[in-house]
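The model shown is predicted, which means the values in this text are computed figures rather than measured ones.
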Amino acid sequence: MIDIRSLRDLVRLFYIFRREFWLAFAGVAVLAVAGAFLLPPKYMSDARLLVKPGRENMTAPIEAADRQAIYPQSTTRDPILDEEKMLTGRPVLMQVARLYLAEMSAEPQREGLVGQLKGAFGSVRRAVGGAVGKALAAIGLAEVQSEEEAIAEKLAARFAVTHGPGSNVMELSFTWGDPVVAQRVLKSWIRVYLDERTTVLGRKTLVTFYETKVRDSDQQIESAKSLLRTRLVSIDGTSAQERLDALTKRLNDLSTRRAELAAERTALLNGIGYANQQVGSLARETVSERELGNSPTFQALSTQLADLKRQRADALRIFKDTAPTIVALSESIATLEAQLKMEDRVLQRSERRTPNELQTVMARNQLEKSMRLRELDALHTAFDKEATQQEAVRRKVLETEPELARLEQALSVAEKSRALYLDSLEKARIDQALDDNRINNIAQIQEASLNPSRSSPKSLLLLILALPAAGIVGLAVVYLCAMFDQRIHDGGRFEERFGVPLWSAVKDIDGSGPDNDFHASLYRIYGTLPLERIQREGLVLGLSSARSGEGVSFLIERLQALLQAQGLTVRVNAQPAVAAPGEVVLLEASGLHSNRDAFVRLSQAHLIVLVVEARASTVPVVENALGVLRTAFRKVDGVILNRRRFEVPPHVLRWLQR
């Protein structure tokens, strides 16, 4: 438990765990240097493949519509991931492993001592690995692997493929101990991947499939046309709809004509009946060329009457109505009027009698209308018969229409299917030609490179970073040690942690004799004692510790000397433990868990103080000791931290205080 309050405490933390720091520092530095000189070199060959959008080697589409020439990028899944899984799949991996084994077996043995040693070491390693694998397989902890499977796993561990977000370029890399072998393996990998991709995703059977479908479509079309032709011959039309339209139009015309005939027939009947009624009232003969006029006597009398009326009118201007002249004129006028009435007015000079022409015309019209009526009756009968026939034909067409519609729909679907199959057949032939020539949408924009410079280890970089990395790891070790360390190093936050006041932290004098800090810590204990109580009634002070050897006897000796120097009477472990005024009795009760007399002595003490050894006592031990004391005596008056050491050297402190 260390209280970190300043840079000096951090430096002190370093010196506390200095041994662990240097061990970690030395270990990391040695590993870095050993890795720089002893790790086998690795060489990396890289290549790049571009997945171009366009016609892809993929399975045949199942939708009826035409395939798209360009497939849009999906927002939920990256399509390049499928290419990467195919590139690192087991079929490709096993083929590359077989090719690698074949090439390695065909290579001559290495010349030179180093090459022979490496070859022998590799043989021994493979033999040992095979024996270990067989042993593990025998006890059921592993499975026996063939040489191809072992090489495939090794190749898969050295191969990597990546691509950036939204990028269609796959970046391939292969790491091996020989740059030439790395380049060769990567070339073989790309070649096997392209061949396997074309073989698996190729459409070799699509041409046969589409040709079969086209023949089936032709048979369906011929069958549908034959059935449709038979049905159309039976209804005597080119199609059901056309035949229905023609029949409907003819039936409408017949209905209109029948309505017109019925109206005309009714009109003729009415006309004939009216004519029959009027014929009886007409005269049989007619007079023509007759000259009529007034007779001469009638005209003379009329003239004379008019003259008398004029005279009477003139006389009335002179005479009265009773005058003889007027009376005579009135009598003459009355006589002439009576005579005029008796006279025959009309004078007939000539007269010609002929048959009544109107009657003759009406008789002729009646005969014509009767004939027309007979014609209308015949037409109405013919129209009724034709309408009945047309209705029968229409019912037959309506009964046949569903079958015709089904046949027409089947014919249309078959023709569309045939067109689509023909189009897909042509595309399948094109795709087959592309597959035969190994043409797809994967372009190799960078071939497998030959990199003679090693990719790992970076020896110079390892040597440069050895010391900084060792320092960082050492500091991390120091931090971890401090985090898991349960020892008590100083008294900071002691009272907060344990709930007991800290009387003093006594410095460790290391056998070189007491110094000022040591005396100051003792005087701090002296200042904490209740001096007034000591002068009044005395004091029994019990010093205890969780285990033996924490410096209880040493502190009692030093406190005895200090108190005696202050003029107080001091007794150590006095029995009975009764203090007189001005006297201090010190009781030693170290080792609570092993000393039987410790609790007996502490039961007589007025004040109980727990002595804790710095850098040796741990937090759980102190908590346990305080719990025991609190349980036994219900109090712990204080704690003294003994042998506290400040690990930072003085010259470092002086440098920090500048």
Side-chain angles (χ1 to χ4, degrees), residues 1-6 8-10 12-13 16 482 485-510 514-534 539-563 566 584 586-592 598 602 605-648:
M1 189 176 68
I2 304 175
D3 190 13
I4 306 299
R5 293 167 293 184
S6 62
R8 185 176 65 177
D9 294 328
L10 291 175
R12 181 187 172 211
L13 186 65
I16 291 174
D485 187 23
Q486 294 289 320
R487 296 177 298 172
I488 298 175
H489 294 270
D490 54 26
R493 297 185 292 111
F494 197 95
E495 186 173 357
E496 297 177 5
R497 180 69 176 81
F498 299 104
V500 179
L502 180 67
W503 281 21
S504 179
V506 180
K507 182 181 178 182
D508 189 7
I509 57 178
D510 294 332
D515 55 10
N516 292 331
D517 292 337
F518 177 76
H519 287 294
S521 60
L522 291 179
Y523 274 101
R524 183 177 178 184
I525 297 174
Y526 171 75
T528 308
L529 295 175
L531 299 178
E532 295 181 358
R533 179 179 178 181
I534 293 173
L539 178 66
V540 178
L541 178 62
L543 278 71
S544 178
S545 63
R547 56 186 179 83
S548 301
E550 295 195 27
V552 176
S553 301
F554 174 79
L555 289 177
I556 288 178
E557 292 177 1
R558 298 299 178 175
L559 285 175
Q560 182 180 7
L562 177 61
L563 293 174
Q566 298 299 323
V584 177
L586 300 177
L587 300 178
E588 179 184 356
S590 61
L592 288 175
L602 291 177
H606 297 154
L607 298 178
I608 298 176
V609 178
L610 180 65
V611 177
V612 177
E613 182 181 3
R615 299 180 295 111
S617 298
T618 60
V619 173
V621 172
V622 174
E623 287 181 345
N624 184 37
L626 291 175
V628 170
L629 292 176
R630 288 190 180 112
T631 303
F633 308 106
R634 299 186 179 277
K635 65 174 182 176
V636 179
D637 298 289
V639 174
I640 298 175
L641 184 64
N642 189 26
R643 296 176 183 174
R644 179 182 180 276
R645 178 180 297 178
F646 197 75
E647 292 81 359
V648 182

With a 4.0 Å cut-off on N to O distance, would you call Arg643 and Glu550 a salt bridge? no

Grab the two heavy atoms, one from [X] and one from [Y], that are nearest each other, plus how far apart they are.
X      : Y      : value
Asn642 : Gly551 : ND2-CA, 3.3 Å
Ala546 : Val621 : CB-CG1, 3.7 Å
Leu522 : Leu562 : O-CD2, 3.5 Å

Under 3.5 Å, side chain of [X] to main-chain N/O of [Y], donor-acceptor pair present?
X      : Y      : answer
Arg524 : Trp503 : yes
His606 : Leu539 : no
Gln486 : Val619 : no
Asp637 : Ile608 : yes
Ser521 : Phe518 : yes
Ser545 : Gly591 : yes

Hey, which of [options] is the one that makes side chain to side chain contact (heavy atoms under 4.5 Å, CB included) with [X]?
X      : options                : value
Leu555 : Val611, Leu586, Val609 : Val611
Phe498 : Leu610, Val636, Leu626 : Leu626
Ile525 : Leu541, Leu563, Val506 : Val506

[atom2] on [Y] to [atom1] on [X], rounded to 0.5 Å:
X      : Y      : atom1 : atom2 : result
Leu629 : Lys635 : CG    : NZ    : 11.5 Å
Glu588 : Leu602 : CD    : CG    : 11.0 Å
Ser590 : Arg547 : OG    : CZ    : 11.0 Å

Validation row: Leu559, Leu543 side chains within 4.5 angstrom (heavy atoms): yes

Indicate yes or no: at least one non-hydrogen side-chain atom of Ile556 is less than 4.5 angstrom from one of Val552. yes

Going through the distances and angles, do Leu641 and Lys507 end up as a side chain to side chain contact (heavy atoms under 4.5 Å, CB included)? CA-CA 8 Å; Leu641 184 64; Lys507 182 181 178 182; over 6 Å; no

